[in-house]
Number of protein chains: 2
Amino acid sequence: MERKTASRRRGDELEQAILDAVWEEFQAVGFSKLTMEGVAKRAGTSKPVLYRRWSSPVDLMIACAANRIPKAESVPDTGSLRGDTIALLTLAHERMRMVGQTAMLSMLAQVSVDPEARKVLIEGIVVNLVKALSGTVYTRAIARGELAGEHLTERLTRLPIDLMRNEFILFGHVSEDAIESMLDEVILPALRARGAKV
Amino acid sequence: MERKTASRRRGDELEQAILDAVWEEFQAVGFSKLTMEGVAKRAGTSKPVLYRRWSSPVDLMIACAANRIPKAESVPDTGSLRGDTIALLTLAHERMRMVGQTAMLSMLAQVSVDPEARKVLIEGIVVNLVKALSGTVYTRAIARGELAGEHLTERLTRLPIDLMRNEFILFGHVSEDAIESMLDEVILPALRARGAKV
DNA sequence: TCCATCAAGATACGGACCGTATCTTGCGGA
DNA sequence: TCCGCAAGATACGGTCCGTATCTTGATGGA
């Protein structure tokens with residue numbers, strides 16, 4: 001409620017202001033204490049305005065996350081599949097840390113009882129992340145001749161981010177060592193078995 | 001409150017009755033509507049009795065899950081590493097379905113803000129599951145000569161259940177095809193790279 | 001320029017559940 | 001037999017939910 005006499009916001013301007021407020025509130029009080037009332041207050045608006053758009057704090061958080069995720073981002077080209085995959089895992093890790101373990105789990109928990117929200121989250125974020133990140137890395141490796149494209153399955157494409165997500169969800173952090181073990185003990189052997197020359 | 005005139009329960013008897021009630025309530029209303037009040041009512045007791053032992057519905061659910069998980073269970077010996085691993089994944093899947101996607105995610109979310117509960121859940125359930133199930137399978141495979149024990153890392157031991165958990169958490173169900181792709185595209189290649197003869 | 005419309009924003013409400021304090025009552029041990 | 005202790009009942013203030021109602025400001029069309 002900072003805007004006593006300021007002008008009344010509408011449409012996208014309002015919506016963006018609310019989603020920004022969600023993020024601030026999330027950073028300030030954490031996900032478990034993220035309430036509609038708190039967000040409304042911080043955004044200088046009221047609950048009904050929020051409820052006209054989203055149906056719960058988790059819904060709000062999902063929209064906020066979708067809003068903040070960079071639309072497209074690329075993994076740096078390090079010259080090799082191994083280097084690129086490390087970069088891929090590191091980037092994915094950063095993305096996850098931005099959201100945080102608790103928020104990620106809460107969003108997933110919510111989504112598990114709401115097929116509609118599931119589409120938004122899973123397809124809108126998870127799948128996109130995989131496509132944008134893993135996609136680049138593998139396309140490049142195929143161009144280099146390190147990888148035979150026709151043997152790349154969906155499972156293998158998802159694998160790096162799946163392993164990272166699992167680790168992050170369980171422990172809340174992922175060490176350098178963990179990344180290396182995923183890479184050298186699982187990902188690369190699995191790729192080699194499908195014809196990767198690395 | 002069915003026990004109007006029945007005798008007053010104490011100690012372990014009471015505790016077990018409460019944990020049973022948690023499970024019934026969970027089955028009846030789902031995890032998101034599992035409240036202390038509801039459980040107390042169903043168990044024929046009252047909130048303070050619950051709060052003397054557990055601090056929240058999630059805490060209750062974690063205790064209930066730990067209570068219901070069979071202490072030791074074994075993977076059937078199918079004669080081969082591949083068959084055993086399928087059995088392992090299937091069994092892990094059944095365990096997860098018993099708890100359910102939502103409850104599992106909610107428990108993990110809770111644990112992520114409570115280091116004390118984390119110990120109970122992660123070490124008491126996750127790690128035990130890995131040790132009990134994967135342990136058996138790998139020990140057997142080593143005895144058969146299919147696997148070189150000294151090359152087995154912690155990551156590889158965890159791998160099957162990690163993959164299964166990730167799949168279950170994302171989609172809430174795991175198909176036969178999914179199990180096979182985990183096995184043939186990831187797990188077995190990773191094991192072969194460490195000297196498995198399969 | 002003025003007005004009709006519509007959403008923003010304020011306020012209030014019943015309800016669910018939380019977490020705790022207080023009290024009584026039955027059980028079990030000494 | 002009686003004492004101590006925990007079970008169980010009840011009540012309370014508090015927070016947040018989700019909605020209904022009302023006022024007010026912005027916008028677009030005549």
Side-chain angles (χ1 to χ4, degrees), chain A residues 1-22 25-26 28-64 102-103 106-107 109-110 113-114 116-117, chain B residues 1-22 25-26 28-63 102-103 106 109-110 113-114 116-117:
Chain A
M1 294 246 293
E2 306 299 341
R3 333 179 344 284
K4 289 284 175 200
T5 54
S7 87
R8 179 174 288 184
R9 300 156 299 177
R10 290 173 167 269
D12 290 346
E13 182 198 356
L14 174 62
E15 198 142 318
Q16 189 58 50
I18 293 173
L19 293 181
D20 288 346
V22 172
E25 185 76 0
F26 166 58
V29 305
F31 182 81
S32 64
K33 290 179 183 166
L34 189 77
T35 69
M36 296 303 244
E37 308 205 341
V39 171
K41 195 170 183 180
R42 188 179 288 268
T45 181
S46 60
K47 283 197 293 171
V49 175
L50 267 54
Y51 275 105
R52 276 168 205 143
R53 299 175 167 72
W54 303 281
S55 64
S56 69
V58 191
D59 227 51
L60 215 41
M61 190 68 221
I62 292 175
C64 171
T102 309
S106 305
M107 287 191 281
Q110 169 62 15
V113 292
D114 181 347
E116 202 50 43
Chain B
M1 294 244 295
E2 306 299 342
R3 329 176 352 281
K4 291 285 176 199
T5 54
S7 87
R8 180 173 287 184
R9 299 155 301 178
R10 291 174 166 269
D12 290 345
E13 182 198 356
L14 174 62
E15 199 143 318
Q16 189 59 48
I18 294 173
L19 292 181
D20 288 346
V22 173
E25 185 77 359
F26 167 58
V29 305
F31 182 82
S32 63
K33 289 178 184 167
L34 189 77
T35 69
M36 296 303 245
E37 309 206 340
V39 171
K41 195 170 182 181
R42 187 180 289 268
T45 182
S46 61
K47 285 197 293 172
V49 176
L50 268 53
Y51 276 105
R52 275 171 205 141
R53 299 174 167 74
W54 304 280
S55 65
S56 69
V58 191
D59 227 51
L60 215 41
M61 189 68 221
I62 292 175
T102 310
S106 305
Q110 169 62 15
V113 293
D114 181 346
E116 202 50 44

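We name chains A, B, ... by the order of the sequence lines, and we start the count at 1 in each one.
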When you measure from the side-chain N and O atoms of B:R9 to the phosphate of D:dA6, is any distance below 4.0 Å, counting only OP1 and OP2?
no
Nearest heavy-atom approach of A:A63 to A:W54 is CB-NE1, 3.4 Å
Rounded interatomic separation in angstrom, taking CG from B:D12 and P from D:dA7
11 Å
Out of D:dC16, D:dG8, C:dC17, minimum distance to the side chain of A:T35 belongs to D:dC16
The helix from C:dT1-D:dA30 to C:dA30-D:dT1: angle between terminal helix axes, five bp per end, to the nearest 10 degrees, reads 10°
Taking all atoms of both residues into account, what is the closest heavy-atom pair of A:V22 and A:L34, and its distance?
O-CD1, 3.9 Å
Does B:S46 have any side chain to side chain donor-acceptor pair (under 3.5 Å) partners at least two apart in sequence or in another chain, and if so, which?
none
To the nearest 0.5 Å, what is the distance between CZ (A:R52) and CG (A:L50)?
10.0 Å
If I take atom NZ in residue A:K41 and atom C1' in nucleotide D:dC16, what distance separates them, rounded to the nearest angstrom?
13 Å
Rounded interatomic separation in angstrom, taking CD from B:E15 and C1' from D:dA7:
13 Å
Return the value, rounded to whole Å, for the distance between atom CG of B:L34 and atom C1' of C:dC18.
14 Å
Considering residues at least two apart in sequence or located in another chain, which fulfil the side chain to side chain donor-acceptor pair (under 3.5 Å) criterion with A:Q110?
none
B:K47: salt bridge (charged side-chain N to carboxylate O under 4.0 Å, His left out) partners, not counting sequence neighbours
B:E37
For DNA chain C, which residues in residues 48-61 of chain A have a heavy atom at a distance below 4.0 Å?
A:P48, A:V49, A:R52, A:R53
Any B:T45 side-chain N or O less than 4.0 Å from OP1/OP2 of D:dG8:
yes
Nearest heavy-atom approach of B:R42 to B:A28 is NH2-CB, 3.4 Å
Given atom CG of A:L14 and atom P of C:dA8, what is their separation to the nearest angstrom?
6 Å
Measure from CD1 on A:I18 to P on C:dA7 and round the result to the nearest Å.
15 Å
With a 4.5 Å cut-off on side-chain heavy atoms, are B:V39 and B:F26 touching?
no
Spacing of B:E13 atom CD relative to C:dC27 atom P, expressed in whole Å:
11 Å
Pull out every protein N or O sitting under 3.5 Å from an N or O of nucleotides 28-30 of chain C, one pair per line with the distance.
none

Check every atom of C:dT20, D:dT19, C:dG9 against the side chain of B:K47 and return the nucleotide holding the closest atom.
C:dT20
Pairwise distance OG(A:S56) to OH(A:Y51) - rounded to 0.5 angstrom
8.0 Å
I want to confirm an ordering. Mapping B:S46 and A:K33 to their closest nucleotides on DNA chain D, which one lands closer to the 5' end?
B:S46
Grab the CD-P distance between B:E37 and C:dC17 for me, whole Å please.
6 Å
Which pairs would a plain distance check flag for residues 12-19 of chain B, meaning a side-chain donor or acceptor within less than 3.5 Å of a matching protein atom at least two apart in sequence or in another chain?
{"from": "B:E15", "atom 1": "OE1", "to": "B:R53", "atom 2": "NE", "distance (Å)": "3.0"}
{"from": "B:Q16", "atom 1": "OE1", "to": "B:N67", "atom 2": "ND2", "distance (Å)": "3.2"}
{"from": "B:Q16", "atom 1": "NE2", "to": "B:D20", "atom 2": "OD1", "distance (Å)": "3.1"}
{"from": "B:Q16", "atom 1": "NE2", "to": "B:N67", "atom 2": "OD1", "distance (Å)": "3.0"}

What is the minimum heavy-atom distance between A:A109 and B:T102, and which atoms define it?
O-CG2, 4.0 Å
